[in-house]
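What follows is one structure encoded as structure tokens, with my remarks underneath.
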Amino acid sequence: MSTTVRLHDSMRRQKVTFEPLVPGKVGMYVCGPTTYTSAHVGHAYSAISFDTIRRCLLFLGFDVRYVRNVTDVDDKIIKRANEIGQDPVALAAHFADEYNRDMARFNVLPPTVEPKVSGHIGEIITVIEKLVANGSAYTVAGDVYFSCETFAPYGKLSGQSLDELRAGERVAVDERKKSPADFALWKAAKPGEPSWDSPWGKGRPGWHIECSAMTVAHLGETFDLHGGGKDLIFPHHENEIAQSQGAHGHDTFARYWLHNGFLNFEGIKMSRSLGNVFDCSQIADAVGPEALRLFCVSHHYRSPVDFELEETRGPDGAVNGVRFRSLETADRRLEYFYTTLLRIDTFVAQGGDGGAGAVVPEAETLVPTCREAVADDFNAPIVMAALGESAKLANKLLDEGKGVAKDVKRRSLARIGKDMRAVGEALGILLDQPERYLAERRARLVKRLGIDTAAVEKLLADRTAARAAKDFTRADAIRGELTAMNIELFDTPKGTDWRVADAGSD
RNA sequence: GGAGCCAUCGCCAAGUGGUAAGGCAAUGGUCUGCAAAACCAUCAUUCCCCGGUUCAAAUCCGGGUGGCUCCUCCA
């Protein structure tokens with residue numbers, strides 16, 4: 001493990017050298033979802049961002065312990081559960097399972113540990129007891145609040161100062177609190193809410209405390225990496241720091257903070273109230289799940305990303321759906337990579353990998369380039385560029401390979417195929433079987449564009465007959481007909497095959 | 001009112017002091033009966049604007065302009 005990793009630490013606001021607590025090992029905590037409804041693209045984007053960071057660390061040889069929580073006790077969950085007359089914890093469990101299934105489609109690896117609030121009530125109470133005992137927290141009629149004034153560094157992560165916070169501007173301040181910024185650690189039980197016994201009577205945890213309890217339980221009082229969306233910096237992460245350091249007395253909670261940029265729609269943040277929320281299956285059905293993954297890793301995780309959206313209209317001019325142009329572009333790029341991989345696989349399967357020995361120099365650069373890029377604040381877009389170079393080299397060798405000895409060519413191609421997959425693993429892409437991906441893509445486009453496959457096959461046969469008879473006028477007329485149907489033909493030594501021509505984006 | 005982020009080719013997007021990656025689109029070419037795919041070539045003397053620091057700035061500093069986020073649940 002000699003690679004030096006540099007990463008952008010939100011606390012220091014700059015790129016710093018990463019020095020794990022234990023050499024070669026990484027303890028990482030990421031704020032996961034509150035599961036009260038189906039996950040949307042934003043959840044996926046965030047999950048993919050941190051999964052990519054985790055995969056990059058694995059690629060670099062680190063042993064990563066990845067903890068991602070599920071908030072299953074929360075106001076929104078209780079509200080939703082009460083609306084449909086279901087048990088809140090059961091409802092949360094249902095959506096947590098769905099969340100994991102959705103994320104798996106985007107090649108998000110399961111966390112090493114996935115703690116839930118409902119399973120950590122004891123740990124949470126322990127942390128709160130420490131805070132009450134040392135004067136960092138106070139009780140008011142069954143509620144327990146954290147006293148921000150007792151924590152001098154409060155606001156360091158977010159750059160906020162207690163004096164400048166506009167308390168009460170948008171939400172009325174609870175008059176029972178000593179100070180407006182104080183937040184609930186424990187909430188006294190109310191009718192219709194799940195509750196647990198505690199030293200302060202029946203109640204349930206506040207929002208922020210869970211992460212303080214879970215990090216201690218699964219990573220320790222001080223650990224390496226803490227991640228989450230930029231929106232969580234304040235107040236959530238700020239409060240986590242205050243609670244954890246207040247309870248345990250260390251001056252460091254998470255040693256490095258990672259925050260990912262947001263997914264925006266035409267510059268506007270996605271939110272349910274704006275109606276621009278798309279759920280995971282909608283995206284996966286439209287362009288395939290891997291297209292979203294590739295789209296994500298084509299951007300740096302810290303940058304805010306604009307998601308192109310285009311309304312589609314039916315014959316009557318009414319809006320009847322949306323298209324995700326940028327994801328369609330990503331899907332087309334995926335087609336290129338998988339087609340290249342398929343060509344490589346076929347070539348190697350037919351004539352072998354050339355055995356041991358030298359390869360063309362350019363075939364050896366992908367992995368080192370990837371290591372370097374990934375070690376520099378997980379720069380996935382650089383890796384994507386390198387992947388493109390490798391695919392191009394492979395196609396070039398496959399097309400002609402002029403001046404390259406036969407064995408060297410075989411070895412080079414086998415090497416490129418292997419390395420492209422190894423590097424793809426670091427980004428969570430190119431893990432599918434090429435044939436399967438290509439078949440799925442075609443089926444998806446056939447369905448989306450309403451193409452009559454039988455008619456295509458019929459025209460194909462007609463054209464083949466015309467070509468055999470050297471009736472090229474007829475053959476070209478048929479090609480024209482198919483082109484009008486968005487079908488592109490390609491003649492190969494083994495016959496004619498076809499693909500759906502997805503409209504280009506501009 | 002406070003805190004912070006962003007502005008790079010028609011579009012997407014890396015690059016945070018050493019002289020502008022990559023993708024899409026476009027144009028020309030090789031290949032092809034014609035095509036498609038693939039490959040080759042061309043495609044930002046310049047990084048929102050104005051000053052400043054420096055031998056050197058897209059990158060640092062100051063001032064504008066425009067967009068976004070957080071201070072409320074939010075990925």
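Naming: A, B, ... by sequence-line order, numbering from 1 per chain.
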Mind checking who [N] pairs with, Watson-Crick or G-U wobble, both distances under 3.5 Å?
| N | answer |
| --- | --- |
| rU53(B) | none |
| rG66(B) | rC6(B) |
| rA13(B) | none |
| rG1(B) | rC71(B) |
| rA25(B) | none |
| rA58(B) | none |
| rA38(B) | rU30(B) |

Does OP1 or OP2 of [N] have a side-chain N or O of [X] closer than 4.0 Å?
| X | N | value |
| --- | --- | --- |
| Tyr301(A) | rA13(B) | no |
| Arg333(A) | rC24(B) | yes |
| Ser303(A) | rA14(B) | yes |
| Asn260(A) | rA75(B) | no |

For the [atom1] atoms, the ones on [N] and on [M], what distance do you get once it is rounded to whole angstrom?
| N | M | atom1 | value |
| --- | --- | --- | --- |
| rC40(B) | rC24(B) | P | 12 Å |
| rC9(B) | rU45(B) | C1' | 14 Å |
| rA21(B) | rU46(B) | P | 15 Å |
| rC60(B) | rC71(B) | C1' | 30 Å |
| rG23(B) | rA35(B) | C1' | 25 Å |
| rA7(B) | rC47(B) | P | 14 Å |
| rC11(B) | rA25(B) | C1' | 8 Å |
| rC6(B) | rA13(B) | P | 14 Å |

Would you call the rings of [X] and [Y] parallel, tilted or perpendicular, where under 30° means parallel and over 60° means perpendicular?
| X | Y | answer |
| --- | --- | --- |
| His43(A) | Tyr99(A) | perpendicular |
| Phe18(A) | Tyr256(A) | perpendicular |
| His208(A) | Phe183(A) | perpendicular |

field: Pairwise 5' ranking along RNA chain B for Arg463(A) and Lys396(A), keeping only the more 5' one
entry: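 Closest to the 5' end, via its nearest nucleotide, is Arg463(A).
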query: Mapping His299(A) and Tyr45(A) onto RNA chain B by nearest heavy atom, which one lands closer to the 5' end?
result: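 Its nearest nucleotide lies further toward 5', so the answer is His299(A).
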Base, sugar-phosphate, or nothing for [X], non-hydrogen atoms under 4.0 angstrom?
| X | answer |
| --- | --- |
| Lys470(A) | nothing |
| Asn395(A) | sugar-phosphate |
| Phe472(A) | base |
| Asp75(A) | nothing |
| Leu387(A) | nothing |
| Pro304(A) | nothing |
| Glu488(A) | sugar-phosphate |

In whole Å, I'd like the distance from the [atom1] atom of [X] to the [atom2] atom of [N].
| X | N | atom1 | atom2 | result |
| --- | --- | --- | --- | --- |
| Phe378(A) | rG15(B) | CZ | P | 14 Å |
| Asp491(A) | rG33(B) | CG | C1' | 10 Å |
| Phe324(A) | rC24(B) | CZ | P | 22 Å |
| His300(A) | rU8(B) | NE2 | C1' | 16 Å |
| His259(A) | rC6(B) | NE2 | P | 15 Å |
| His226(A) | rA75(B) | NE2 | C1' | 13 Å |
| Phe295(A) | rC11(B) | CZ | C1' | 13 Å |
| Lys230(A) | rC73(B) | NZ | P | 20 Å |

Beyond-backbone contact of Glu488(A) with Trp498(A), side-chain heavy atoms, under 4.5 angstrom: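 When only atoms from C-beta onward are counted, Trp498(A) and Glu488(A) do not touch, as no gap falls below 4.5 Å.
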Donor/acceptor link under 3.5 angstrom from [X] side chain onto base of [N]:
| X | N | answer |
| --- | --- | --- |
| Arg479(A) | rC34(B) | yes |
| Arg467(A) | rG33(B) | yes |
| Asn379(A) | rG15(B) | no |

message: Taking the basic N atoms (NZ, or NE/NH1/NH2) and the acidic carboxylate oxygens, is any pair closer than 4.0 Å for Arg68(A) and Asp51(A)?
response: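 Answer for the salt bridge query: no.
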field: Salt-bridge contact Arg204(A)-Asp75(A) (side-chain N to carboxylate O under 4.0 Å)
entry: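 Here Arg204(A) pairs with Asp75(A) in a salt bridge, since their nearest N and O are under 4.0 Å apart.
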query: Quick one: which of rC39(B), rC74(B), rA75(B) gets closest to the side chain of Leu263(A)?
result: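 Taking heavy atoms from C-beta onward, the closest nucleotide is rA75(B).
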- prompt: Does the Thr365(A) side chain pair with the main chain of Pro361(A), one donor and one acceptor, at a distance under 3.5 Å?
  reply: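 Such a contact is absent between Thr365(A) side chain and Pro361(A) backbone.
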task: For Arg54(A) and Met28(A), indicate whether the former's side chain and the latter's backbone hold a donor-acceptor pair under 3.5 Å.
output: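 No, Arg54(A) side chain to Met28(A) backbone: no donor-acceptor pair under 3.5 Å.
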